[in-house]
Protein chains: 2
Amino acid sequence: MFKEEQIIKICKQNKWRLTEPRLEVLRIISLSKNPIKAYDILKKLANKIKNPKPPTAYRAIQFWQKHKFIHRIESLNAYQACSHGHSHVGAQFLICDDCGKVIESNLHEIPEILKKSTENKTFKPLRWNLEINGLCNQCS
Amino acid sequence: MFKEEQIIKICKQNKWRLTEPRLEVLRIISLSKNPIKAYDILKKLANKIKNPKPPTAYRAIQFWQKHKFIHRIESLNAYQACSHGHSHVGAQFLICDDCGKVIESNLHEIPEILKKSTENKTFKPLRWNLEINGLCNQCS
DNA sequence: TATTAAATGTTATATTATTACATAAAAAAA
DNA sequence: TTTTTTTATGTAATAATATAACATTTAATA
Ligand SMILES: [Zn+2]
Ligand SMILES: [Zn+2]
Ligand SMILES: [Zn+2]
Ligand SMILES: [Zn+2]
């Protein structure tokens, strides 16, 4: 969704420091076809940075998560670039059990449903994550 | 939701072997107020079984997951007894960020929404997991 | 320039989960 | 019942995922 220049611009605007490990980690995640795991990010990072250690990868991951440019797919322990504009409270993913592809598909109806259900139950929702497993069109 | 006798009965009916580690692990999870982590299950299991090792806990967890008596709360790496009748394709959890309580709240509207969105996208959903973070009524 | 704040480098370790193989128990077949 | 097969467990080792702690560097700001 985001080109690198856009991200650089957004970071500058917000005075977020766009350091080398951060930029390289974002590139690695963005270029990955499917969600990528932290230690695979780390391996690829080794091509760009001398002998990187886990905290280097995890800190960069955390940075991009905090600013909503990437998502963590909880059921896969893996990370994927946001494809829906970098700031939504809820996320929805269609995960293909066969090929591992993950399609981000943020429905705006979901919040309404939540609102209803949670008003009744007096639970105040702040953010959510929906992971749907199944088969993509390629695989079914 | 389930009393132990019911579970024993269901296991017998289905010829699922209800061994000691399985039964003790189910009790530990059921008695836990909040979702409980695998290694905390293991610690409690040590009060019942001599020097249990991780596979003992994980195998029992897997057994109860397979038969849908417990859920894994993905964002917490923790397990909780199913409170909605042991066989639904989708699950929804309200997770309190403050006290850690998790309310299972399986809306039946959700599948309809999914159906629509996924028909368009030609993705065939098989199961799903929705985790909503926020504040429970006690904590807000 | 000096001071402070933020980020990184590095080592170690914590947490979560699985593999592999031997043994035991239960179910099924003979 | 005995034998055979299947399923489950015990145990040791290790894999996979993630964080803590502290020294050093880099950038922001005073
Ligand atoms: Zn997104
Ligand atoms: Zn697929
Ligand atoms: Zn349930
Ligand atoms: Zn609460």
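To find a chain, count down the sequence lines: A is the first, B the second, and so on, and within it residues start at 1.
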Nucleotide [N], atom [atom2] - distance to [atom1] of [X] in whole Å:
X	N	atom1	atom2	result
A:Ile49	C:dT10	CD1	P	11 Å
B:Ile41	C:dT16	CD1	C1'	12 Å
A:Lys48	C:dT8	NZ	P	17 Å
A:Leu23	C:dA7	CG	P	15 Å
B:Arg59	D:dA8	CZ	P	10 Å
B:Lys53	C:dT23	NZ	C1'	14 Å
B:Lys43	C:dT16	NZ	C1'	13 Å
B:Leu42	D:dG10	CG	P	12 Å

Out of curiosity, does B:Leu76 fall in the hydrophobic cluster containing B:Ile41 (side-chain heavy atoms, cut-off under 4.5 Å, transitive links)?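 B:Ile41 does not cluster with B:Leu76.
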Tell me, please, which residues at least two apart from B:Lys101 pass salt bridge (charged side-chain N to carboxylate O under 4.0 Å, His left out). none
Quick check: on DNA chain C, is the nucleotide nearest B:Ala38 upstream (toward 5') of the one nearest A:Pro21, or the reverse? Name the residue that is more 5'. A:Pro21
Given [N], is OP1 or OP2 found less than 4.0 Å from the side-chain N or O atoms of [X]?
X	N	answer
A:Thr56	C:dG9	yes
B:Thr19	D:dT9	yes
A:Arg22	C:dA7	yes
A:Lys37	D:dA16	no

When B:Glu20 and A:Leu76 are each assigned the nearest nucleotide of DNA chain D, the 5'-most assignment goes to B:Glu20
Testing A:Trp16, A:Tyr58, A:Phe69 for ring-ring contact (aromatic ring centres under 6.0 Å, His included) with A:Trp64, which one passes? A:Phe69
Go through C:dA6, D:dT17, C:dT18 for me and flag the one nearest to the B:Tyr58 side chain.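 The answer is C:dT18.
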Among C:dA27, D:dT17, D:dT26, which is the nearest nucleotide to the side chain of A:Asn77?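 That would be D:dT17.
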Are C:dT16 and B:Tyr39 stacked, with the base six-membered ring and the side-chain ring centres under 5.5 Å apart and planes under 30°? yes
For A:Glu104 and A:Ser83, test the side chains for any donor-to-acceptor distance below 3.5 angstrom and give the result as yes or no.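 Side chains of A:Glu104 and A:Ser83: pair found under 3.5 Å.
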With no hydrogens and no angle check, do the side chains of B:Asn133 and B:Glu131 hold a donor and an acceptor under 3.5 Å apart? no
Scan [X] against the nucleic acid and name what it touches under 4.0 Å (heavy atoms): base, sugar-phosphate only, or nothing.
X	value
A:Pro55	base
A:Phe63	nothing
B:Lys15	nothing

